[in-house]
Peer 1: 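Provided herewith is a single structure, encoded as structure tokens, for subsequent inquiry.
Naming: A, B, ... by sequence-line order, numbering from 1 per chain.
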Amino acid sequence: MSQRHLLALFNNFEDAEAAIYELRAADIKGFKFDDLTLKSPIEHHEVESVLGQRSANVQWFSLGGSLVGGLLGFFLISGSQANFYAQMKGGKPIVPFPPNFVLTFEMCVLGGVFITILGFLICAGLPAKRSPLYNAKVSEDQIGVLVKADESAMPKIKGVFLNHDVLEIQEEVSK
Amino acid sequence: MEKDTNESAAWTKRENESPIPKHERRASEKDIRESIAWAKINQDVLKSMETPRKLYWVILFFAFAAFSVGVGCEVYQYQNGMGVSNKNNPHAWGLYISTFIFWIGMSHSGTLLSAILHLMHADWRKPIFRFAEALTTFSLMTAGLFVMVHLGRLWQFYYSVPYPDERGLWPNFQSPLLWDAMAIFTYLSSSILFLYIGMIPDLAICRDHLHEGWRKNLYTWLSLGWEGTDRQWRNFRVTYLTIACFLIPLAVSVHSIVAADFAMSQQPGWHVTSFPAYFVAGALYSGCSAIITLFIILRYVFKFEEYMTLPILKKTVRLTFAIAMIWTYLNAVEFASVWYSHDQASKDVLIQKVIGPFAPFWWGMIFCGSVVPLTLAFKRFQTNIPVLFVVSLLLNLGMWLERWMIVAPTFSHGYYPWTWDHDQWPGFVQWGMVFASFGWFTMLFMGFCKVFPSVSMYEVKEMVYHRKLHLKKSETAEQGAH
Amino acid sequence: MIDSGLDRRDFLKVLGWGGAAVALSGCGNTSVEDGKETVVSYVEAADYVIPGIGVYYNSTCAQCDAGCSINGRVREGRVLKLEGNPASAINRGRTCGLGQAGVQHHYNPDRVREPLLRHGDKNEVITWDKAYALIAEKLSGAKGDEVAFLSGGVSGHLKVLLGNYLDSIGSKNHFVYEALAPAVVRAANKKAYGVEMPRYNINKAKVVLSFGADFLGAWVSPVHFSQQYAQFRKGVDGQRGVLIQVESKMTLTGANADRWIPVRPGTEGILALGIINALGTASGDIAAAVKGYDRARVSKETGVPPGQIDKIAALLKLRSPSLVLAGSAAEGYAHGSQNAAAINLLNQVLGNVGKTVEASTSVPFPQMAPAKGNTVALKSLNDGLAAGKYKVLFCYAANPVFTAPGAMKFKDHLAKAGFKVAFAHYLDETALQADLVLPLDSALEDWGTQVPEYMTEGAQINIQQPLMEKLHANTRGMGDILLALVKQRRAEEYKSFDDYYAYLRGAMLLNKNALGGSGADDDTFWNETLTKGIVKLAGSAGTLSGKASAAGLTLPVPSAADVQYPLQLIPGVTASLRDGRHANQPWLQESPDPLTTIVWDSWVEIHPKKAAELHITEGDIVEVTSRSGSIRAQAYLFPGIHPDAISVPLGRGHEALGRYAKGYGANPFQILDAVFDQETGELAMHETRVKVSKTGQRVVVVKDEGAAGGKQMGRKIAVLVTTDEVDLSKEA
Amino acid sequence: MSVSNLLENWAQFRHFHPIDDKPHDPYKWAMSIDLDACTGCNACSVACYAENNLPVVGKEKYQHGHGMHWMRIERYWDEGLGVAGGSDFPDHGAQFLPMMCQQCEAAPCETVCPAAATNHTADGLNSQIYNRCVGSRYCSANCPFKVRYFNWYDYPTTDNVWPAEMNQQLNPDVTVRSKGVMEKCTFCVQRLHAAKGTAKNEGRLVHDGDVQTACQQVCPTGAITFGNLVDHESKVHKQWQSQQVELDKDAQVKDQKEGGSGLRGYRIFEELRPYPSVMYLERVRESAI
């Protein structure tokens, strides 16, 4: 059975939140709650209480990135010192710790930042194609709720939205 | 004096015409009005990005002209050798390095303050962090130019870059200069990414509200298909927070490493333990005053009175004052630690700063850096825009002098009395390059303001939203109490 | 030696490729890149050119008359560096800065390259044949008396040849002029010791008391004395020699003294007599002569504290032998001979004669002994010129237009000479006044022999030989020119000599036995001689005659203050620029003066106290005015000068000579008064009185000394210790 | 590869030099300069110009401090001269000090070069690699002696530095430096190389006296001694030994002995611990006069 998208726009977050609560409670056949996406001009982390704890794993990338960066930094530097110029400078050891630690730290941060960004792009699914239904109002002042559901569930979902002062409902043109 | 009053009056007039209703302005020093409509935020900020007025082009032209002076100087210097800039043995560095530190310092408040305040949930940062981060990025880019300009063999600059090479040649990782390069590279790239990541939602707004032209394409590309979905926001928050965490120690490390260029050396007047702290304080200081300057300019030019409000300015000013006092204290620490060290050479350098040929500049630095900021302690000046504008410029002049006073006296008055040289003044090539750096920065910054939103729209919306929630909560609480 | 089979053009090609490409590769200014030279492979180079391998030749330094032997490093046919020849007793492998710069004389871009006929300010390039013909023509119109030859100090075979030439002309007018020769001291020595230049054994002395003799800097044979000085400082048995320097302007030697005594200008002789008095060992007429010179009077007249005089006398008494030297500072007065005599008397009283003052070995060929230059010669030449006596004037190795005192008006008088021929390396001030300028080979291209005036242990003849091919095709050696000229008049006598080389070789071989080559065949002897660069001679050691006497010794009471010209001008003689002939050698221009560290310019040394009185600060351009003229130079506050004197260094202030000399500094010769020593008639160089006035202009003094002005600020850089704190005997 | 080298030689890579390192072997070039013999005549400085292709920069550039004298003679006056209570005249003469690169064992300049253009060689020299230099001038900034000279201009192409003919004097064994690189005294490394080459061909080490630096060779008073410090037969070794100056100490017997040691060997700025390779012998002055 074909699925369709539907975007409901709300004037404020409370309305959208209430609508989502109801959708979750309604248990509509042909609509999985995970297929609901909230689109908002600002971050509403209150939404987690409605949507449930959805994962955000960027921090693991950060950890990995800084570890790799740091290790790479230290071994690159110490290795190059040990190999290329095993030659004294200023009476310091050939592999001197203080400068190498400074650079290890910088590499650690560099790796961390770069891989975090990479992680962000992966986790947030960016860069992405635009989703089928989008309204520029979402980046201005309205809250959008995008649902993907079976054709059959659509009327019910619409009903829920209408209960909650929806401003506008956009529907994907059926294929 | 009279002129001041006139200007003051003009400003008061502007303030009176401000869209913020008078009673709200007076009532509770709110840093932002809850009642601002989100659509209006979009509208106001996007308006600042519209096709510029004639004056913009005129200023840009002058900035470009100033930059061209520097290009000319560089070509001349490249052709003839570093000697044309009037440096010598012992004055090996001169204005290039002092101005380099100045710009590096300038870069500090943007990203560092933005990150710290972000972590501390100080949401008054929200309307100002964007341009502050841009300030960071562009001043780093300006600072980077000085590293290049400074090199005797610019065309071989890549010898100090670590890259795998057939002959197995590597740069010297012991050199603080290399740490510097590495730290600046890390800082610059992280700052650009931080700025960019924080701008993605705004870029999406731009994309959504511009319907044609190269800008549309640009924003479409840059916004990476951002739609403000919950997943995007969730990951965005974590990412932003993580990078902020990375950036704080990084920013501190960057200026401590710049300090290490001096502190790790063996020269009197440089080999000072307090230098890293001194440099970081100085950096924050000059950065904050630069923020005040740009704050005032943007507020005026883009009519951002509703976002860049006086309470926010006041907070920034108070922060600046605190840092000014820290900086002053660290100056005293430097003196005290040298004075009790029994290191005659270092003492001589200090004495030289105070009463030698550099004395006018050194006292100028003390005046601008420690005396002028005292005005900021007075409440009436904390929101007095004309005063603040002048003060912030003076503070930055002071900070530029500070950097010069760090670099030059040690060269002129080092360990070896035979090579003391008190007469070598920077030549026109050096001054030209310093002058040009301001043109270059202005060019970049003005370009940025017209291409990217200089106030973060989504964060301002957040701020407004949170204020509203807060208000509601307190109202409910009040009602409950009744 | 150098194979003439290699023609010059090929040689230069090699130079062009080897020199430019090897030395300057990567510098972007090679002549090869300019397309000016054809690339020729090393295959065509001469045998002795081994790429990358240096060849060493011995020769003699011609930068001054001390006669140091040098050892030149030649690579790819180019002479690169001069070192001292260790075999020479004079310099024992060492050289001075002046000697080092010899290569810059050779490679100097401002050398004259073609014979020039001068018409006013214009030069016409002519051929050598035409030049010689011209000389012959002019000489034919002049009587012998009407021909004068002015030269610097000459010796060896050149002197012989020159003598023969003048003889052939019938002229006795050979004026040997050296602006800075110790001529008064020579005369005083002759009187006291019986020889003009005895051998001074500084190394054997325990105390050296020098009255203005800058033996470490520019006096007589500085490289030799420097080595003696090093031994003197080490001491014979761990007792380090003590150097006391008495002078009004600190010289390099004064700067190295244990005690430097600023004496009122011109009162050196009085101090010497005062010391004799204080010693109390003299008897007879000497005691009578010094009787009046008690401490109080001497102290008053010389400005030296009485305690100081006693201390010196006590030390001289305690440590024997000592050595007392009279230098240019003592001799440069109208009573210079008296000063020198008084100082020599002190030596005699101390019993140093025979110990630290010894007779030098004489060269067995008196005709080769050096013609010693002096300033009397200049005076008589000048008088002759003023009277219009000379129709033809030759000038070689002297630049009197630059070095003659302004008061003599030499340049004006020179114009009265009919035809002036200058043998010149550069178009110097004198050459510019000449009608015919003949370009000379540099000392590194030329053949010659030299006999130094100051002989060390044993006698020696120095050989000068080319270290490389001629740089310029049309320069000629002085010997070759003289030979050509003398052939014009005595063709028969000299026809067997193709060139000066042949003459020299022939002359040397003629005396092979006397020169230590008995038994060797000609070629071996000659090659060995050239290889060594020195011919050591057995020579007979003379004895010193003359007995100590104070007869005729009258020292004038220092004159009362001159209100109009209150200061004494002391022309400073620096080790590197001397009388100015080397001013176009940039190394010397940029080598800081050891005492003031000033480069590239002249300065007026003035005592800080006097300067404060006159409100002069460092860098003020001051006008120094004497009765004979005035010059302008920057002021330098110098503590090592008597407050009643100022000093301006000689050697700079050229109006010609070359790019490195012209326009730098001022020439104090210009303002010297024509005052002469009463006895010898030598020019009294220190006898000019001047006044100093500020002009209001200021410059930054270009010097090496930093802003600390020679203070160490307690940093322990150049550390000092007194003899009672060290034990020198244990040192390696 | 580099990492395995790192791990295998870990202990060797963690030595501080010279304090806990074995001495250079077989060569450690060092110098001693007797200030009592030095007369300040400048011959060494001119010889250095001749040997090492130093440019003559001219008056104007010299005024701006662009002089390139690797070996400079400094003239110091007594501290009491001209100050209140002191003398108006330099009664004890001046003090001269030849100053050139001290070839420090723990050279402050080496650590700071970003391009690794200056290194410590196996012979104990502080080497400058012109090709590698990027011209950051950090080494010069960190040199306590300020003996590093920068090519502020492109001297080979500057008028009247080496005009035609004069350029033929340039020593082909020594690079002519172009603009933007740092240079300094090398202890005449070209001569050292030549001597080592000769010695190697003969299957021996360089003997004392085989090689002289240009300044040493010219010095009229023989104030400069140069040689191999680890060669016990060398004069420089004997001098260092008799003065009890040790390369790897930052305070010598002379400074520590109560009541004077009778020694006069010292190194400048020893307290900064650069461990210079040049020992100076104090100038002596007669106490009796």
Peer 1: Can you tell me which portion of D261(B) sits under 4.5 Å from chain D's heavy atoms? Options are side chain, backbone, both or neither.
Peer 2: both
Peer 1: Side chain, backbone, both or neither: which part of N89(B) has an atom under 4.5 Å from a heavy atom of chain D?
Peer 2: both
Peer 1: If you draw a 6.0 Å radius around NZ in K249(D), do more than 12 non-hydrogen atoms from other residues or ligands fall strictly inside?
Peer 2: no
Peer 1: Please identify, among Q77(B), Q79(B), H150(B), Q156(B), the residue contributing the most non-hydrogen atom pairs under 4.5 Å to chain D.
Peer 2: H150(B)
Peer 1: What orientation do Y78(B) and W155(B) show, parallel under 30°, tilted 30 to 60°, or perpendicular over 60°?
Peer 2: perpendicular
Peer 1: Name the option with the most non-hydrogen atom pairs under 4.5 Å to chain D; the candidates are M264(B), Q424(B), K87(B).
Peer 2: K87(B)
Peer 1: Can a donor-acceptor pair be found, under 3.5 Å and without considering hydrogens, that links the side chain of T419(B) to the backbone of K146(D)?
Peer 2: no
Peer 1: Looking only at side-chain N and O atoms, does N331(B) offer a donor or acceptor that is under 3.5 Å from a partner on Y278(B)?
Peer 2: yes
Peer 1: Using heavy-atom distances under 4.5 Å, tell me whether M182(D) contacts chain B through its side chain, its backbone, both, or neither.
Peer 2: neither
Peer 1: Chain B: which of S140(D), C133(D), P108(D) shares the most heavy-atom pairs with it under 4.5 Å?
Peer 2: C133(D)
Peer 1: Does any backbone or side-chain atom of Y153(D) lie under 4.5 Å from a heavy atom of chain B? Answer side chain, backbone, both or neither.
Peer 2: both
Peer 1: Would you kindly check if the NZ (Lys) or CZ (Arg) of R177(D) is within the cone defined by 45 degrees around the ring axis of Y130(D) and under 6.0 Å from the six-membered ring centre?
Peer 2: yes
Peer 1: So which residues of residues 266-275 of chain B are in contact with chain D at a heavy-atom cut-off of under 4.5 Å?
Peer 2: Q266(B), Q267(B), W270(B)
Peer 1: Checking R148(D) against chain B: side chain, backbone, both or neither under 4.5 Å from a heavy atom?
Peer 2: backbone
Peer 1: Less than 4.5 Å to any heavy atom of chain D: does that hold for the side chain of F262(B), its backbone, both, or neither?
Peer 2: backbone
Peer 1: Under 4.5 Å, counting heavy-atom pairs only, tell me which of W93(B), F157(B), F411(B) racks up the most with chain D.
Peer 2: W93(B)
Peer 1: Compute both the distance and the angle, then confirm whether R267(D) meets the cation-pi test with Y280(D): under 6.0 Å from the six-membered ring centre, within 45 degrees of the axis.
Peer 2: no
Peer 1: Which region of E271(D), side chain (C-beta onward) or backbone (N, CA, C, O), has a non-hydrogen atom less than 4.5 Å from a non-hydrogen atom of chain B, or is it both or neither?
Peer 2: neither
Peer 1: How would you list, by chain and number, every residue that makes a salt bridge (Lys or Arg N to Asp or Glu O under 4.0 Å) with K347(B), sequence neighbours excluded?
Peer 2: none
Peer 1: Using the six-membered ring wherever Trp is involved, compare the ring planes of H120(D) and H24(D) and label them parallel, tilted or perpendicular (cut-offs 30° and 60°).
Peer 2: tilted
Peer 1: Using the ring of each side chain (for Trp, its six-membered ring), is W431(B) parallel, tilted or perpendicular to W404(B), with breaks at 30° and 60°?
Peer 2: perpendicular
Peer 1: Does any backbone or side-chain atom of V161(B) lie under 4.5 Å from a heavy atom of chain D? Answer side chain, backbone, both or neither.
Peer 2: neither
Peer 1: Would you find a donor on one side and an acceptor on the other, under 3.5 Å apart, between the side chain of R137(D) and the backbone of A92(B)?
Peer 2: yes
Peer 1: Aromatic rings Y62(D) and H69(D): how do their planes relate, parallel, tilted or perpendicular, breaks at 30° and 60°?
Peer 2: perpendicular
